[in-house]
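Reviewing the structure listed below.
Predicted model, so just to flag it, every value in this text is computed and none were measured. What you see below is based on every heavy atom in this structure, not just the backbone, and it leaves out hydrogens, waters and symmetry mates.
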Amino acid sequence: MSEVLWIDQPAELLRRLQSAPSRIGLDTEFIRERTFWPRLALVQMAVDGDVLLVDALVPGMAEAIAAWLDAPHVLKVMHSASEDLVTFRCACGTVPRPMYDTQVAAALAGFGAGMGYQRLVAQVTGTTLAKGETRSDWMRRPLSPAQLEYAADDVRHLDALYQATLARLRELGREAWLEEDMARTAEQAAHDEPERWPHLGLRAAQFLDTAGQRRLLRLLRWREQQARAQDHPRSWILDNDLALDLARDPPADGTALQARLEATPKAPRKLGKSLWQALTTAVADEEQMPAVAAEPDRNAVRRLQDAVARRSADLGLPDGVLASRKQLEALLESGSWPQPLQGWRRRELEPVLQPLLARTGAAG
């Protein structure tokens, strides 16, 4: 059994970096239920057979953690890392590089798509892990023995998952696939750019006319600004249903807007004046706004899905790894390969999808 060490001195964490191994296991515990930005509470590191539980609430610890994240000679092995990366960026100002995500690796190696840590550990090592502290309060101090054990378990088996998935990737010649995916994931996480056209993410917006879609764009950009400034979830500022309703049927004036807010549960009543200004003020680039397209032809989408499924079967890949329905719809709508389908995925898919795209006039 590995030794579990509580680290609450930044200098101690930095000292250990001087003799760091070539790879470590890495995980986080954070909270985000009531905030826009995740709040880092604990960082778990599996280092040379020991588990370091790093108290991220200690002043100066974020900088010490960042030094590990930026160490180019240390591979950071993680599992389902996307939320952890955002948390690291917010707390430490950087994301781990180089990194290896065992969930992504397991999918590319044919173990299964979207496999949870406990399930993959059981499949690879035969160990059954407890799930009791999943929704625990990680900001409290001291942490309970159960919390400490749960946190340590989250990194104890990462090296075994790394070795098993890497061996299979090498057999299949897919190491480069994972490297591509990891580079793209890290790059996306490192840049905190709000979505330029957030209205495109609401399929119901297709039923709005052009003026309505522009109003929706204004509201969603305002919501993003407010959520970030107040550190609240977006839905706490303005939920999608109310945004769509206001864009579809705008009130006549600020007084009418306030009356509607007062009559709507969970509406941003205190933000009525700001909301009215956002609703009625054009944004600088709204003339360039792409319209929300109508739902693509289901038969055309199905043909693409079937072709992807056949190619996935040929490659021994789980469903959803090569392309999602949403990505295929984006490909149909624009005729351009979306960013998630670039690289090795496009190389595998273009020969089988291009003839189908040509039939629909979406080839590009």
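With no hydrogens or angles considered, a side-chain donor-acceptor pair links Gln163 and Asp159 at under 3.5 Å. Judged by distance alone, the side chains of Gln342 and Glu180 never bring a donor and an acceptor atom under 3.5 Å apart. With no hydrogens or angles considered, a side-chain donor-acceptor pair links Thr165 and Tyr100 at under 3.5 Å. Side-chain atoms of Asp181 and Trp344 include a donor-acceptor pair closer than 3.5 Å.
The 12-atom threshold is exceeded at CZ of Arg141, counting heavy atoms of other residues, nucleotides or ligands nearer than 6.0 Å. For Glu175, the CD atom sits in a packed shell: over 12 heavy atoms of surrounding residues, nucleotides or ligands are nearer than 6.0 Å. With a 6.0 Å radius and a threshold of 12 heavy atoms from other residues, nucleotides or ligands, Arg119 has its CZ atom at or below the threshold.
Counting Ile, Leu, Val, Met, Phe, Trp and Tyr side chains that sit under 4.5 Å apart, directly or through other members, Leu202 shares a hydrophobic cluster with Leu208, Leu216, Leu220, Leu244. Residues Trp197, Leu200, Val283, Met289, Val292 make up the rest of the hydrophobic cluster containing Leu217, defined by ILVMFWY side-chain heavy atoms closer than 4.5 Å, directly or through other members.
Using a 4.5 Å cut-off on side-chain heavy atoms (C-beta onward), Trp68 and Val54 make no contact. Residues Phe88 and Thr94 form no side-chain contact, since every pair of their non-hydrogen atoms from C-beta on lies 4.5 Å or further apart. Thr280 has its side chain out of reach of Arg215: every pair of non-hydrogen atoms, C-beta onward, lies at least 4.5 Å apart.
Here the two rings, on Phe36 and His232, have centers that are 6.0 Å apart or farther.
Checking side-chain atoms of Ser324 against main-chain N and O of Gly320 turns up no donor-acceptor pair under 3.5 Å. Under the 3.5 Å distance criterion, the side-chain polar atoms of His191 are matched with a main-chain donor or acceptor of Glu187. Proximity of a side-chain donor or acceptor of Lys76 to a complementary backbone N or O of Gly25 within less than 3.5 Å is not detected. Of the possible polar contacts, none joining the Tyr117 side chain to the Leu129 backbone as a donor-acceptor pair under 3.5 Å is found. Side-chain atoms of Gln206 come within 3.5 Å of backbone atoms of Arg203 as a donor-acceptor pair (strictly under, hydrogens ignored).
Between Arg15 and Glu12, at least one side-chain nitrogen of the basic residue sits less than 4.0 Å from a carboxylate oxygen of the acidic one, meeting the salt-bridge criterion. The existence of a salt bridge linking Asp231 and Arg32 is excluded, since no basic side-chain nitrogen approaches an acidic carboxylate oxygen closer than 4.0 Å. Between Glu33 and Arg39 there is no salt bridge, since no side-chain nitrogen of the basic residue lies less than 4.0 Å from a carboxylate oxygen of the acidic one. A salt bridge does not link Asp137 to Arg140: none of the charged side-chain nitrogens sits closer than 4.0 Å to a carboxylate oxygen. Between Asp84 and Arg89, none of the side-chain N atoms (NZ, or NE/NH1/NH2) sits under 4.0 Å from a carboxylate O, so this pair counts as no salt bridge.
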Quiz item: Between Leu238 and Trp222, is a side-chain contact (heavy atoms from CB on, under 4.5 Å) present by the stated rule, with each step listed?
Solution: CA-CA 9 Å; Leu238 183 68; Trp222 172 84; 4.3 Å; yes
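Nearest heavy-atom pair across Ala151 and Leu53 is CB-CD2, 4.1 Å.
Under the salt bridge (charged side-chain N to carboxylate O under 4.0 Å, His left out) rule, Glu224 has a single partner from Arg196, Arg218, Arg234, which is Arg234.
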